[in-house]
Amino acid sequence: MSEVERIILADLTAPQREAVTHIDGPLLVLAGAGSGKTRTITRRVAWLIANGVSPRSILAVTFTNKAANEMKERVEALMTPLDPDGWGGRPTVATFHSFAARILREFHEKVGLGADYSIYDQSDRTRAIKLATERIGLDPSNFPPADLESVISGQKNQLVEASEYAKTAGQGLFRDRKLADIWTEYEKVLAEADAVDFDDLLLRLAKLLRDDAAFRSAMNERYRYVLIDEYQDTNRAQYQIAHELTREHRNLCATGDPDQSIYGWRGADIDNIMRFERDYPGTKVVRLEQNYRSTKRILAAADALIKNNVKRKHKGLWTENAEGDRIEVVRVTDAEAEAELLADRIAAAQAGGLAFGQMAVFMRLNALTRVLEQSLRRRSIPYQIARGVSFYNRKEIKDAIAYLRLLVNPDDRIALERIVNTPPRGIGKTTVDRLAEYAGAAGISLWDAAARVGSDAPALTASGGDPATVDTALIERLGRGAAAVRRFVTLVESMGAEHETCTGVQQIVEGVLSDSGLAAMCKDDEQASANLAELITAAGEYDRDSGFEATLGDWLRDVALVSDVDAIDPEVGAVTLMTLHAAKGLEFPLVFIVGCEEGIIPHRRDDSVRDIEEERRLFFVGITRAMRRLVLTHAAIRMLHGKTDPREPSAFLSELPAAVLDVKDQSEPVHDTFQPGWSRQWNGGGSRGGWQKRPAEETASDDFAELKRGSALYTGGGRGMSRADLEGIGRAEQESSQASNWPIGTLVRHAKFGVGKVMKVTPSGPYTKATIDFKRGGIKAVIMEMAPVERVEG
DNA sequence: GGTAATCACATTTTT
DNA sequence: TGTGATTACC
């Protein structure tokens, strides 16, 4: 064994070594929670390279950017001593989607795409589907885009395309036939816009690999060793990609844990991992069952729970870690009591020496965070939330990206429609409709139609088409709108011309933000401006990382596939609040899981439980994130969707072995608040009765106002909370009392508008918005903390 | 074209 | 209950 090999294996266990040293042929690593999976994978990559495999022929695929980045870093760390300059190349580490996007870009002619095709995210897709629905003369309110989205996405994940679906739906119900029609039209919208949606990335690559033997061979040749992480979460399309990529050499290494499959509802098929050995005869199977993360008791609880799942590969998790504390199961009265308990415990843990960053609170539903946030804020406990809505979903960012997308791909209709009147420039719905009508009749894109209204500069051509010819009839029909359209076309063209002269993406972004008027539009909105500034920064980072080699198109492709769970930063020194789904892959010394109640976890919608085993796996994931201490809470009553109901403890709690639990009941007796009269009132006429909270308590404070102020402070940051945000908390707390400083009727003097009277006061984010009736200047809405106003006595 | 009022909506959401 | 999104209205 070489010195390098010895180093690679030095601190590994026997099963880990077995996985690492496996070179050729299919390999399945069943890695239990906390069993050192990532370490094993990265070491195996190093091992392959140490054994003569070229780094360039290794492909590692993950599901999240975060996982990909982490793996990249760790592989880099291992490789630097072997090849400091990277001359031997580096393995390809990518997410399924970014890998597909890259390959489709490289072979774009093969799939009929342009080199700079657009990638549509969920909101683009919604708009496109809506457009398609309207175009075939149906009303989107009868055919909600959301319904179609889930069907289309589900089908695409199963490798079913519109044409095939139309065939089967042809005989079916009216609704299904219409759905097929909309889908077909949606594909047209995409094609005209030279765009694909997320699912297409996978679908197209999968089909190309499957149907084009030469292409497949080339890919098999290029990537001799393929690793797929979180294999239990692969859907049909991803399965197919993995399969075809390795069809000729069968060097596929899948790692995952069936017990942590929690994305079935997104099309992930747990059977992909369950039948791996059947799919790949001769598979070497390695089980990593030693857990390095949790205490014995926590592991015992997790193990006892997951044993209730029938559909499962047996795996016995064990650990050499300490016995640890018992798992606390606490029953509280309601969500408010739960939040108080949480804040108490967090404060106590911190006093005991645990940093806030080492604690996490998990929940099944995002809706549960509200009350929690409130109480954490009251106690000045810093926290960060992983929310679905992310930086790149913010309006101003989407607008900016839309401008940039338009420069690269003028046919991108969704991008065009998004910004054609943002900021407002007199191109309303009517004008766009007329243009669209013309475009449809002429068989050209919306941009080309706009270009025919004319401009000073030579037209920006769509996909190499002819420069647009000016159409006077069209101009006449647009009337007043024509001039506005012309100005818009000129603007975009000049931005396009300017972008040619830029070095680096950052310059382009800066130019577009100022030229488009977006920056000016956002200048009064501090948060929006900050976000735009951050976009510029992100572009700058990208430039530096790529050595100023990458194009705007490259960046846009990258950005389209970025989500923001990456924003969760364990270093930030704040308690982490997140859903159980978001928790996968993380670990914390102290974990709370709130809302452990029937109907919440397992979640029940209407009266059907979708898949109780998946819910159990989700709970399992939550439990196994805990390293040392775990607290599970459930409330006796809880309000959800405006309805307060009595709650039963989750059945999952009773599946945990009593020996490792410390069960407490801190709930107040509920019978003395039994108020049948109120019950009806508070239940919205529900006849279930009982167990209601006193209305007086419910409405006692102006918690709502406080909540609104706070939520902007905490969730408005987009990319999570910065240190400055955290330090701002105390200040904001104090300022929050300002609402009462401006009672209605107060006389104020404004530097510009003179004297006025406060008519109305409402909280607005962290600020106080007041409506003031000025003697000169009339009624204005003013942010009291920012406007030059002062109180006038008398 | 911008704001006010009303209305549906409310699991999870790697990309 | 609370929101975000559409619709109605100046």
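Throughout, a chain's letter reflects where its sequence line sits, starting with A, and its residues are numbered from 1.
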Engineer: Over all strands shown, is A:G426 touching base, sugar-phosphate only, or nothing at heavy-atom distances under 4.0 angstrom?
Structural biologist: sugar-phosphate
Engineer: Using a cut-off of 4.0 Å on non-hydrogen atoms, how would the nucleic acid contact of A:I427 be classed: base, sugar-phosphate, or nothing?
Structural biologist: sugar-phosphate
Engineer: Salt bridge (charged side-chain N to carboxylate O under 4.0 Å, His left out) with A:R616: which residues, sequence neighbours excluded?
Structural biologist: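 A:R616: salt bridge (charged side-chain N to carboxylate O under 4.0 Å, His left out) contacts with A:E655.
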Engineer: Pull out every protein N or O sitting under 3.5 Å from an N or O of nucleotides 7-10 of chain B, one pair per line with the distance.
Structural biologist:
unit_1 : atom_1 : unit_2 : atom_2 : d
B:dA10 : OP2    : A:R605 : NH2    : 3.3

Engineer: I want to know whether A:H581 and A:Y263 have ring centres closer than 6.0 Å.
Structural biologist: yes
Engineer: A:L640 has an atom CG; how far is it from atom P of B:dT12, in whole Å?
Structural biologist: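 One finds 10 Å between P of B:dT12 and CG of A:L640, rounded.
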Engineer: If you check every side-chain atom of A:R266, which of B:dG1, B:dT14, B:dT11 has the closest atom?
Structural biologist: B:dT14
Engineer: Going by side-chain hydrogen bond (donor to acceptor under 3.5 Å, both in side chains), name the residues that satisfy it together with A:D233, two or more places apart in sequence or in a different chain.
Structural biologist: A:K584
Engineer: Tell me, please, which residues at least two apart from A:T38 pass side-chain hydrogen bond (donor to acceptor under 3.5 Å, both in side chains).
Structural biologist: none
Engineer: When the C1' atoms of B:dT12 and C:dA5 are compared, how many Å lie between them, rounded to an integer?
Structural biologist: 22 Å
Engineer: Determine the contact category for A:K156: base if any of its heavy atoms lies under 4.0 Å from a base atom, sugar-phosphate if only primed atoms, P, OP1 or OP2 are that close, otherwise nothing.
Structural biologist: nothing
Engineer: Name the closest nucleotide to the A:W265 side chain, picking from B:dT13, B:dT14, B:dT11.
Structural biologist: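 When the side chain of A:W265 is considered, B:dT13 is the closest of B:dT13, B:dT14, B:dT11.
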Engineer: Choosing from B:dT11, B:dT14, B:dG1, which nucleotide comes nearest the side chain of A:D233?
Structural biologist: B:dT14
Engineer: Would you say a side-chain N or O of A:T579 is under 4.0 Å from OP1 or OP2 of B:dT11?
Structural biologist: no
Engineer: Please produce a list of atom pairs where a protein N or O lies less than 3.5 Å from an N or O of nucleotides 8-10 of chain C.
Structural biologist:
none

Engineer: Starting from P on C:dT3, measure out to CD on A:E373 and report it in whole angstrom.
Structural biologist: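 Checked: the CD to P distance equals 11 Å.
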Engineer: Strictly by modelled atom types, are A:D229 and A:T255 linked by a side-chain donor-acceptor pair under 3.5 Å?
Structural biologist: yes
Engineer: Assuming nearest nucleotide by heavy-atom distance, tell me which of A:L365 and A:Q122 is located more 5' along DNA chain B.
Structural biologist: A:L365
Engineer: Nearest whole angstrom, please: distance from the C1' of B:dT12 to the CD1 of A:I385.
Structural biologist: 16 Å
Engineer: Could you give the distance separating C:dT6 and B:dT11 at their C1' atoms, to the nearest angstrom?
Structural biologist: 24 Å
Engineer: Which nucleotide wins on minimum distance to the side chain of A:T64, given the candidates B:dT14, B:dT12, B:dG1?
Structural biologist: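 Ranking B:dT14, B:dT12, B:dG1 by closest atom to the A:T64 side chain puts B:dT14 first.
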Engineer: Taking the side chain of A:Y263 as its heavy atoms from C-beta onward, which of B:dT11, B:dT14, B:dG1 lies nearest to it?
Structural biologist: B:dT14
Engineer: With sequence neighbours left out, what residues match A:Y120 under ring pair (Phe, Tyr, Trp, His ring centres under 6.0 Å)?
Structural biologist: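 In terms of ring pair (Phe, Tyr, Trp, His ring centres under 6.0 Å), with neighbours along the sequence ignored, A:Y120 is linked to no residue.
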Engineer: Compare the minimum distances between each of B:dT12, B:dG1, B:dT14 and the side chain of A:N366, then state the nucleotide with the smallest one.
Structural biologist: B:dT12
Engineer: What is the distance, to the nearest angstrom, from the CZ atom on A:F362 to the P atom on B:dT13?
Structural biologist: 13 Å
Engineer: Quick one: do A:R125 and A:D199 make a salt bridge, cutoff under 4.0 Å?
Structural biologist: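 Looking at A:R125 and A:D199, the cut-off is met.
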Engineer: Quick check against the 3.5 Å criterion: does A:S650 have a side-chain atom that pairs as donor or acceptor with the backbone of A:E597?
Structural biologist: no
Engineer: Provide the distance between the two P atoms, one in B:dT13 and one in C:dG4, to the nearest whole Å.
Structural biologist: 15 Å
Engineer: By nearest atom, which of the nucleotides B:dG1, B:dT14, B:dG2 is closest to the A:A268 side chain?
Structural biologist: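 Nucleotide nearest to A:A268's side chain: B:dT14.
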Engineer: May I ask you to check whether A:D554 and A:Y542 show a side-chain donor-acceptor distance below 3.5 Å?
Structural biologist: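 Result is no, nothing qualifies.
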Engineer: Check the distance between B:dT12's C1' and A:I612's CD1 and give it to me in whole angstrom.
Structural biologist: 15 Å
Engineer: Assuming nearest nucleotide by heavy-atom distance, tell me which of A:H97 and A:H581 is located more 5' along DNA chain B.
Structural biologist: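 That would be A:H581.
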Engineer: Check the phosphate of C:dT6 against A:K130, side-chain N and O only, distance under 4.0 Å to OP1 or OP2. Yes or no?
Structural biologist: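 Affirmative; the distance criterion is met.
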Engineer: Any donor-acceptor pair under 3.5 Å linking the side chain of A:Q238 with the backbone of A:N235?
Structural biologist: yes
Engineer: One pair to check against side chain to side chain donor-acceptor pair (under 3.5 Å): A:T95 and A:S98. What are the steps and the verdict?
Structural biologist: CA-CA 5 Å; A:T95 65; A:S98 66; 3.0 Å; yes
Engineer: Find the distance A:R364:CZ to B:dT12:P and express it as a whole number of Å.
Structural biologist: 7 Å
Engineer: Given atom CZ of A:F63 and atom C1' of B:dT12, what is their separation to the nearest angstrom?
Structural biologist: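 Whole-Å distance recorded here is 16 Å.
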Engineer: For C:dT3 and B:dT14, measure between their C1' atoms and round to the nearest Å.
Structural biologist: 26 Å
Engineer: Could you tell me the separation between the CG atom of A:N157 and the P atom of B:dT14, rounded to a whole number of Å?
Structural biologist: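 Roughly 14 Å, once rounded to whole Å.
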